[in-house]
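For reference, the structure is listed below as structure tokens.
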Amino acid sequence: MLQMRMLFSLSSAALPLALAGQAVQAAPPPAGPSAAAPVGVQLRATTSNPSISTFAPGQPVSLRFAVTGLKPGAATTLAVTITDDRQVTVLSKSVKVTADASGAAQVALDAPHGRLGYYEVAARLADGTAIAAEGTRPAGITSYAVVPDPAGRTDYGPDSSHFAMQGGFSSKAQIVPLLGLRYYLDRVQWHWMEEKAPGNFAKAWDSERARNGNKPWPKGLDQDMAPSWQGKPWAMYPIAAAMGSGVPDWALVPGTGGKICKTYGRLNAQGKAALPVYAAALARAFAHDYPTMHKRIYQMAWEPGQGWCFGGTNEDLIEYFRLTYDAIHAADPDAVVAGPTLFPSSNYDDQLRGLWAGGLGRYIDAYSIHPYSPGDPPETHGLAEHLRTQIAAAERSGGHPIGLVGTEHGSETSRSGNRGQARENIRVTLIMLGEGASVDTAFYVADFWGPGGPRSKDVQTHGFYWNLNDRLAFGTDRIAPKMSVPAYAAMTRLLDGTTTRGPLSGLLPTQRGYRFVRGGTTIDVVWDYAGTSSRAVPRGAQVCDWMGNCRAGSATPAKVDGQPVYIVTGPV
């Protein structure tokens with residue numbers, strides 16, 4: 001089951017929408033400073049935007065180096081090398097450094113930033129002292145990224161925006177506009193809203209309405225963080241993860257929970273009576289609070305895999321949806337009920353067959369999934385085939401069209417490396433969108449630590465960013481980008497607002513690709529998961545690399561490898 005690497009339930013919360021769960025595999029701690037470095041000498045590095053080190057084009061970028069532990073007045077040199085995502089050296093420079101009376105020195109250096117993408121900075125003193133490890137970022141490097149300007153992005157609204165992330169957001173490290181995110185998972189989980197007793201959600205919502213008028217409740221990420229760019233609010237849209245953190249204890253039959261997380265199981269009599277009441281109250285509130293949305297998504301289960309987070313029967317799980325589907329639609333005619341939110345793993349094929357045979361398709365409008373890749377590369381493990389098979393089975397089960405929603409997936413740098421993580425993150429999302437997902441949700445803003453904390457080996461490396469503050473596991477205030485950041489920002493810039501036309505034709509055996517359209521623009525995305533090949537470029541098209549750098553096409557076919565290429569006909 002995805003090698004049990006690390007999947008997340010919405011079983012605990014930290015800072016805004018920092019939704020985490022149980023770690024299955026831990027990564028090694030970051031390496032320490034170079035063994036050749038004299039004891040006491042330290043080199044630290046950051047950028048002119050130290051909270052996020054992520055820049056829009058045109059923003060100046062400088063590097064800040066701090067050296068401590070030198071002898072007072074000592075002179076040395078600092079060698080700095082910067083490489084981009086192509087592994088091209090874009091700066092190599094040696095700078096003289098002289099310590100002050102306390103043995104410290106500061107160096108500022110302008111950094112290249114004329115191209116969209118990822119930049120990795122390596123620096124070392126003459127004695128071998130390298131940049132110190134910081135938080136989850138390894139020793140020897142720091143990084144920065146240049147991503148498309150949020151000011152040039154279009155808000156395609158809730159019906160045509162495709163990209164979401166959970167979680168670990170922080171108002172002190174705002175990255176939402178820079179990544180092009182629009183959707184997020186709202187905090188309306190039954191387990192949280194009615195932890196103590198049934199009916200509490202409706203009472204609390206009515207009370208807040210009386211007190212605060214038309215302000216949405218509970219507060220969404222857009223109210224908590226108020227994301228903006230250049231003083232303009234950044235629109236965001238919630239997904240109601242209604243069952244994310246599970247079922248309240250008072251509603252469960254004891255002993256029917258899963259082995260990994262135990263918050264799902266058979267509903268007892270009180271639970272069966274209370275769940276449709278909660279669902280109706282939630283839908284009434286959601287429809288009222290977000291009236292401009294015309295596809296309000298309600299996810300009514302979260303990883304209820306047999307032996308994972310669920311211990312009941314197929315019929316017990318179907319009952320969650322049977323009890324809530326009509327109640328939600330009666331209160332919200334624009335509702336999209338999504339489920340069952342399992343994984344694309346053969347471990348769950350029997351469970352899914354049983355759910356469709358039992359009629360689950362009648363009680364969902366969209367097939368929701370956590371498309372963690374069961375292996376690398378994801379293309380050889382049947383994600384696209386899984387989606388096609390299960391949606392077809394759901395439609396046969398329900399007798400009506402079934403959509404597709406992804407609400408969590410991510411790769412780990414500890415398993416795949418920096419470049420490998422970015423490739424997997426982007427390609428899984430492209431497969432999801434290409435196969436028809438209306439929304440796909442990436443995981444996670446920044447690395448974090450499990451229950452063992454930062455001093456243990458329990459570091460989780462799904463983050464798009466390294467976490468530089470080992471005092472804040474979730475919602476950290478200082479981050480540095482991995483390669484996933486500019487690759488994801490380029491994808492959202494190019495593909496938001498598009499509609500899929502499905503898989504491309506004429507592909508080689510190890511190529512994958514999809515066609516997307518938006519108005520008068522056609523975007524073909526293609527990659528080769530096993531080697532290097534080529535793809536013809538139509539006359540007049542542009543070729544954009546996976547970081548978003550575009551050039552006019554030519555008679556020469558575009559090079560295709562593990563990093564997706566976007567071939568754009570029409571306005572970018």
Salt bridge (charged side-chain N to carboxylate O under 4.0 Å, His left out) partners of Asp447, counting only residues at least two apart: Lys482
Test: Arg209 cationic atom under 6.0 Å from Trp205 six-membered ring centre, within 45° of axis: yes
Nearest 0.5 Å, please: how far is [atom2] in [Y] from [atom1] in [X]?
{"X": "Tyr278", "Y": "Ile328", "atom1": "OH", "atom2": "CD1", "value": "9.0 Å"}
{"X": "Leu355", "Y": "Ile364", "atom1": "CG", "atom2": "CD1", "value": "9.0 Å"}
{"X": "Leu181", "Y": "Gln166", "atom1": "CG", "atom2": "CD", "value": "12.0 Å"}

Pairwise side chain to side chain donor-acceptor pair (under 3.5 Å) hits with a residue in residues 433-442, at least two apart: Arg388-Glu435, His409-Asp440, Thr429-Asp440, Glu435-Tyr514
Passing candidate, ring pair (Phe, Tyr, Trp, His ring centres under 6.0 Å) with Tyr183, options Tyr237, Phe163, Tyr156: Tyr237
salt_bridge(Lys219, Asp186) N-O dist < 4.0 Å: no
More than 12 heavy atoms from other groups under 6.0 Å of NZ on Lys295: yes
Flag if over 12 foreign heavy atoms under 6.0 Å of CZ, Arg153: yes
Side-chain heavy atoms of Ile52 within contact of Leu178, under 4.5 Å: yes
Val565 and Val543, any side-chain heavy atoms less than 4.5 Å apart: yes
For Gln421 against Ser484, the heavy-atom pair lying closest together: OE1-OG, 3.3 Å
Ring center gap for [X] and [Y] short of 6.0 angstrom:
{"X": "Phe310", "Y": "Trp302", "value": "no"}
{"X": "Tyr444", "Y": "Phe464", "value": "no"}
{"X": "Phe286", "Y": "Tyr298", "value": "yes"}

Residues which pass side-chain hydrogen bond (donor to acceptor under 3.5 Å, both in side chains) with Glu208, listed by chain and number, not counting sequence neighbours: Arg211, Asn212
